[in-house]
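Here the structure is laid out as structure tokens; the discussion comes afterwards.
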Amino acid sequence: MPLSAFAHKEKYQYMNGFNSYHESEAVEGALPIGANSPQKPPYGLYAEKLSGTAFTAPRHENQQAWLYRILPSCGHSNFEPRESSTYNTNPEDKPYEKIHHIPNQLRWDPFDLDETVDWVHSLHLVAGAGDPTMKTGLGMYIFAAGKDMDLHEAFYSADGDFLIVLQHGLLDIQTELGRILVRPNEICVIPRGIKYRVTLPEGPVRGYILELYQGHFTLPELGPIGSNCLANARDFQAPVADFDEDTSSDWHILCKFAGHLFQAKQTHTPFDVVAWHGLYYPYKYDLGRFNAIGSISFDHPDPSIFTVLTAQSDHPGTAVADFVIFPPRWLAAEDTFRPPWYHRNTMSEFMGLIHGQYDAKTGGGFQPAGASLHNVMSGHGPDATTHEKASNAQLKPSKVGEGSMAFMFESCLMVGVTDWGLKKCKKVQQGYNAESWEPLKPHFKRPRAKED
């Protein structure tokens with residue numbers, strides 16, 4: 001089916017289209033007509049521009065939005081450092097813990113739910129590369145939260161765009177531009193600088209985040225595939241304007257800036273945008289709508305055919321970050337080893353599992369809410385159990401991944417692993433190689449010499 005069977009019904013309205021120019025008003029007439037910044041915006045609102053790219057970025061890359069709000073964002077006290085000795089998510093500037101650059105294949109058991117923390121304090125950097133102060137690289141996180149953010153608290157990251165992959169629970173996200181409900185098998189992207197508050201209507205949540213420090217996510221080029229398939233633009237959903245009217249409560253604005261946490265105070269809600277228009281906004285996508293492509297003759301194509309979103313480096317075809325999924329799909333290739341082949345990759349591959357069983361790892365060690373990392377040029381591929389099964393399977397058309405959704409954060413960068421990811425979380429499987437690949441046996445047989 002071209003959509004997921006969600007346990008929870010949608011409760012918000014959205015506008016459809018990836019990188020589409022949207023406009024939305026919660027009060028009719030709140031959007032100015034024919035002008036962005038009139039002398040007196042409608043209803044006494046303030047006009048505020050939100051820039052996700054440089055003003056002079058090429059038109060096809062330019063991402064700006066105009067917000068019409070009750071009070072502008074700048075009306076707050078000075079930001080002050082908060083929890084400076086314990087909160088640091090910068091992968092290359094962590095004075096309180098070490099980053100480990102190691103070639104070992106790594107795999108993690110399912111990460112624990114944590115009912116003691118809210119969204120902001122649930123963020124654990126597992127691996128990353130680059131520097132948000134230079135707008136280069138990315139961070140790979142695990143989140144596990146059990147509490148709503150405070151009623152008068154909002155958060156934003158100045159460091160990069162958050163691509164959120166929910167594995168367990170339900171996220172109700174109030175953003176400046178409107179509300180978004182995120183369910184397992186949906187992803188959500190919250191661009192740099194947009195303020196939001198996360199509540200948990202069904203209790204504890206858990207999942208993964210890819211934070212992109214440079215550029216923004218785009219849809220991959222389709223080339224000879226043509227104009228449709230993979231993630232179709234029409235299936236991405238942006239929120240409609242929704243606002244609160246509160247100019248007397250004390251609010252805390254939390255900011256992740258260069259990996260550190262800061263706090264400012266203000267006496268008005270940040271969620272007071274009555275109308276907005278532009279190209280810079282949060283959005284979500286149902287992974288069940290992905291239109292998979294595959295071979296109908298022979299051989300296993302590169303996993304790039306499963307790319308949902310990409311962020312290209314300055315070298316076309318080489319991604320700082322790809323978000324790739326492995327959805328339920330039919331396999332029909334003849335005389336072909338159908339699981340992913342064994343390979344060593346110039347890209348780093350961080351994988352997670354939302355639900356089900358990944359078809360290339362059937363030994364039981366790769367579980368929902370767990371993860372794996374195969375860094376630059378570290379060999380990997382199907383485990384021994386999967387290889388044996390696939391090498392001897394009857395090659396009739398078959399469906400794999402039924403009831404499953406695995407994904408990959410892929411990057412051209414060599415990522416380092418944090419102390420938390422390598423040691424403190426206590427989830428690294430020490431026997432990953434021993435279980436997966438050391439049991440592989442040689443099958444080579446020399447050809448017999450021809451008799452004279």
Side-chain angles (χ1 to χ4, degrees), residues 104-110 165 185 208 220 225 229-230 287-288 290-308 322-411 429 431-444:
N104 293 336
Q105 303 96 329
L106 297 172
R107 189 164 69 186
W108 289 266
D109 285 330
V165 183
N185 228 49
Y208 315 80
I225 294 175
C229 291
L230 309 189
L287 300 180
F290 188 83
N291 191 348
I293 296 293
S295 172
I296 54 173
S297 55
F298 62 90
D299 276 354
H300 187 290
D302 294 336
S304 49
I305 61 172
F306 300 118
T307 302
V308 179
D322 279 332
F323 174 63
V324 180
I325 65 172
F326 302 97
R329 61 204 182 276
W330 282 90
L331 300 181
E334 298 178 334
D335 191 21
T336 295
F337 182 76
R338 290 180 175 175
W341 11 250
Y342 295 100
H343 63 292
R344 293 176 294 161
N345 196 352
T346 187
M347 311 284 278
S348 298
E349 302 178 19
F350 179 93
M351 286 196 64
L353 186 59
I354 299 172
H355 49 251
Q357 178 178 270
Y358 178 45
D359 55 287
K361 292 287 190 296
T362 58
F366 187 47
Q367 301 174 53
S372 67
L373 174 63
H374 305 135
N375 227 317
V376 172
M377 290 303 174
S378 295
H380 55 285
D383 56 32
T385 302
T386 303
H387 180 270
E388 178 68 21
K389 182 178 178 181
S391 298
N392 297 287
Q394 182 180 355
L395 293 182
K396 58 183 180 180
S398 61
K399 193 169 188 179
V400 299
E402 193 76 82
S404 174
M405 184 64 74
F407 72 87
M408 179 166 63
F409 298 154
E410 186 177 60
S411 176
Q429 297 178 6
Y432 181 28
N433 287 41
E435 175 196 325
S436 297
W437 303 299
E438 288 181 20
L440 289 167
K441 299 177 181 178
H443 298 288
F444 175 69

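In this text the structure is predicted, and so the values were computed from the model without any measurement.
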If you round to the nearest 0.5 Å, how far is [atom2] of [Y] from [atom1] of [X]?
{"X": "Glu410", "Y": "Met408", "atom1": "CD", "atom2": "CE", "answer": "4.0 Å"}
{"X": "Arg344", "Y": "Ser378", "atom1": "CZ", "atom2": "OG", "answer": "10.0 Å"}
{"X": "Ser297", "Y": "Asp335", "atom1": "OG", "atom2": "CG", "answer": "11.5 Å"}
{"X": "Phe409", "Y": "Met351", "atom1": "CZ", "atom2": "CE", "answer": "11.0 Å"}
{"X": "Phe298", "Y": "Glu334", "atom1": "CZ", "atom2": "CD", "answer": "10.0 Å"}
{"X": "Thr346", "Y": "Met377", "atom1": "OG1", "atom2": "CE", "answer": "4.5 Å"}

Once ring pair (Phe, Tyr, Trp, His ring centres under 6.0 Å) is applied, do any residues pair with Tyr432, and if so which ones, sequence neighbours excluded? His374, Trp437
Gln429 and Ser372, any side-chain heavy atoms less than 4.5 Å apart: no
Are the side chains of Trp341 and Asp302 in contact, using a 4.5 Å heavy-atom criterion? yes
Donor-acceptor under 3.5 Å ([X] side chain, [Y] main chain):
{"X": "Trp330", "Y": "Pro397", "answer": "no"}
{"X": "Asn345", "Y": "Met347", "answer": "yes"}
{"X": "Glu349", "Y": "Leu373", "answer": "no"}
{"X": "Tyr342", "Y": "Pro382", "answer": "yes"}
{"X": "Thr336", "Y": "Arg338", "answer": "no"}

Please name the pair of heavy atoms, one in [X] and one in [Y], separated by the smallest distance, quoted to 0.1 Å.
{"X": "Ile305", "Y": "Gly294", "answer": "CD1-CA, 4.2 Å"}
{"X": "Pro328", "Y": "Ser404", "answer": "CD-O, 3.4 Å"}
{"X": "Gly356", "Y": "Leu353", "answer": "O-CD2, 3.2 Å"}
{"X": "Asn433", "Y": "Pro439", "answer": "O-CD, 4.2 Å"}
{"X": "Asn185", "Y": "Ile354", "answer": "N-CG2, 4.2 Å"}
{"X": "Pro220", "Y": "Leu230", "answer": "CG-CD1, 4.3 Å"}

Any chance you could lay out the side-chain contact (heavy atoms from CB on, under 4.5 Å) test for Met405 and Ile325, step after step, and finish with the verdict? CA-CA 7 Å; Met405 184 64 74; Ile325 65 172; 4.0 Å; yes
Measure from the ring center of Phe306 to the ring center of Phe407 and say whether it is less than 6.0 Å. no
Residue pairs passing the salt bridge (Lys or Arg N to Asp or Glu O under 4.0 Å) test where at least one lies in residues 363-391, sequence neighbours excluded: none
Evaluate the side-chain contact (heavy atoms from CB on, under 4.5 Å) criterion for residues Thr385 and Lys361: first the C-alpha distance (whole Å), next the side-chain angles of each, then the deciding distance (0.1 Å), finally the verdict. CA-CA 8 Å; Thr385 302; Lys361 292 287 190 296; over 6 Å; no
If you measure only the distance, is there a donor-acceptor pair under 3.5 Å linking the side chains of Ser348 and Asn375? yes
State whether the number of non-hydrogen atoms from other residues, nucleotides or ligands found under 6.0 Å of Asn392 atom CG is greater than 12. yes
Got more than 12 heavy atoms from elsewhere within 6.0 Å of CG, Leu395? yes
Partners of Arg329 by side chain to side chain donor-acceptor pair (under 3.5 Å), sequence neighbours excluded? Asp359
Test side-chain contact (heavy atoms from CB on, under 4.5 Å) on Phe366 and Gln357; report intermediate values, then the result. CA-CA 8 Å; Phe366 187 47; Gln357 178 178 270; over 6 Å; no
Determine, step by step, whether Leu287 and Phe323 satisfy the side-chain contact (heavy atoms from CB on, under 4.5 Å) criterion, reporting the C-alpha distance in whole Å, the side-chain angles of both residues, the deciding distance to 0.1 Å, and the verdict. CA-CA 11 Å; Leu287 300 180; Phe323 174 63; 3.9 Å; yes
Take the angle between the ring planes of Phe350 and Tyr208 and call it parallel below 30°, perpendicular above 60°, tilted in between. perpendicular
